[in-house]
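Computed over heavy atoms, backbone and side chain alike; hydrogens, waters and symmetry mates excluded. Along the sequence shown, residues carry numbers from 1.
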Amino acid sequence: MGANASSFDTKSDDGLNFPPLKPKLDDIPEACVALVLSYLDPPEICSLARINRAFRAASSADFIWESKLPSNYKYILQELLGLQVSGVDKKELFAKLSRPRSFDGGKKEVWIDKKNGGVCLAISSKGMAITGIDDRRYWNHIRTNESRFQTVAYLKQIWWLEVDGDLEFQFPEGTYSLFFRLHLVNCWWQCNVKKTTKLSKYNVEKCM
């Protein structure tokens, strides 16, 4: 192979010279594009996939999206939601999980963060044990579009309050934050409840 094997022949059959051809994005091998995309966040991958056909094809590579999925994605899709996993592209699985999906009779929702693939869970008031929740002297269930579950528990009056809940879920190892969402009306005090919990393979802390 000669030193000039990669150069373009700029001379035509009739002896006229043309300017050398410039390389284009389409000339980049699909495997190289896919490798670069694997280092990016999902929103960035989707943006670059709109550049041309080569980038769009490379953005669908399974190895890219498998690295973005949480380690428990099969458990969530198969056991929790009853969805098919085998034979489905990893990009499609990521898209399915990035939208909130309900389980446990609509009392809970699960999804993954579109940017980092972190697992997110939401539990409705009906999915927890709350003091006096079935006593209409103290509580009402009100329909509202402000809640992802389309209903909230409205507290009219009570002297003390306890909220308890159990959740069976295979969390990936990591650190999680636990939030209680409260909307206070005509009240002089404010409440912001947050607990950060670290989960590992060998030690699972119970959040109360």
Side-chain angles (χ1 to χ4, degrees), residues 34 37-38 40-47 49 56-130 133-134 139 141-154 163-182 193-208:
L37 294 179
S38 67
L40 304 179
D41 294 330
E44 296 171 327
I45 296 172
C46 294
S47 295
R56 185 164 60 253
S59 70
S60 298
D62 267 0
F63 80 90
I64 294 177
W65 294 98
E66 187 157 19
S67 66
K68 312 301 178 187
L69 290 166
S71 59
N72 66 338
Y73 77 91
K74 290 183 179 179
Y75 159 76
I76 297 175
L77 290 167
Q78 289 182 319
E79 299 185 32
L80 210 60
L81 304 177
L83 299 177
Q84 182 70 24
V85 171
S86 60
V88 182
D89 293 339
K90 296 300 188 293
K91 182 179 180 180
E92 185 177 343
L93 294 180
F94 186 93
K96 288 179 183 291
L97 281 174
S98 63
R99 296 187 296 270
R101 293 185 174 266
S102 63
F103 66 100
D104 191 18
K107 294 185 242 183
K108 301 179 179 72
E109 284 189 350
V110 61
W111 69 98
I112 60 174
D113 187 280
K114 293 180 180 180
K115 187 172 178 63
N116 57 33
V119 177
C120 304
L121 279 171
I123 305 175
S124 73
S125 57
K126 293 182 178 180
M128 295 182 286
I130 304 175
I133 191 65
D134 295 321
W139 294 91
H141 291 288
I142 300 176
R143 296 190 64 82
T144 174
N145 292 329
E146 294 183 8
S147 169
R148 65 171 60 248
F149 298 100
Q150 304 302 310
T151 182
V152 296
Y154 176 76
V163 179
D164 191 12
D166 291 323
L167 177 65
E168 276 191 47
F169 190 85
Q170 295 180 12
F171 283 98
E173 184 177 350
T175 301
Y176 297 83
S177 294
L178 175 66
F179 296 89
F180 286 94
R181 296 189 62 184
L182 306 176
V193 182
K194 175 182 177 182
K195 180 177 177 63
T196 300
T197 301
K198 187 172 184 179
L199 303 180
S200 68
K201 284 183 184 176
Y202 311 103
N203 181 27
V204 178
E205 296 183 16
K206 184 177 180 181
C207 304
M208 298 297 294

(request) Apply side-chain contact (heavy atoms from CB on, under 4.5 Å) to L69 and K90, showing your working. (result) CA-CA 8 Å; L69 290 166; K90 296 300 188 293; 4.0 Å; yes
(request) Could you give me the CA-CA distance, side-chain angles and deciding distance for I45 and K68, then say whether side-chain contact (heavy atoms from CB on, under 4.5 Å) is met? (result) CA-CA 11 Å; I45 296 172; K68 312 301 178 187; 4.0 Å; yes
(message) Test side-chain contact (heavy atoms from CB on, under 4.5 Å) on R181 and S147; report intermediate values, then the result.
(response) CA-CA 10 Å; R181 296 189 62 184; S147 169; over 6 Å; no
(request) Using the side-chain contact (heavy atoms from CB on, under 4.5 Å) rule, take H141 and I133 through it: C-alpha gap first, then chi angles, then the decisive distance, then the call. (result) CA-CA 9 Å; H141 291 288; I133 191 65; 4.1 Å; yes
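Panel note: side chain N116, backbone G118; a donor-acceptor pair is recorded below 3.5 Å.
Taking the six-membered ring for Trp and the full ring otherwise, the centers of F169 and Y75 sit less than 6.0 Å from each other.
At a threshold of 4.5 Å between non-hydrogen side-chain atoms, the residues Q150 and N145 count as touching. With a 4.5 Å cut-off on side-chain heavy atoms, Y176 and L121 do not count as touching. By the 4.5 Å heavy-atom criterion applied to side chains, L93 and E66 are not counted as neighbours. Looking only at side-chain heavy atoms (C-beta outward), F103 and L81 come within less than 4.5 Å of each other. In this structure, the side chains of T151 and S124 stay at 4.5 Å or more apart for every pair of heavy atoms. I123 places a side-chain heavy atom less than 4.5 Å from the side chain of M128. Contact check for D89 versus D62: side-chain heavy atoms found under the 4.5 Å cut-off. K107 is not listed as a side-chain neighbour of F149, based on a closest heavy-atom distance of 4.5 Å or more.
With rounding to the nearest 0.5 angstrom, the NZ atom of K96 is 8.0 Å from the CG atom of L77. Here the straight-line distance linking atom OG of S59 with atom CH2 of W65 works out to 7.0 Å at 0.5 Å rounding.
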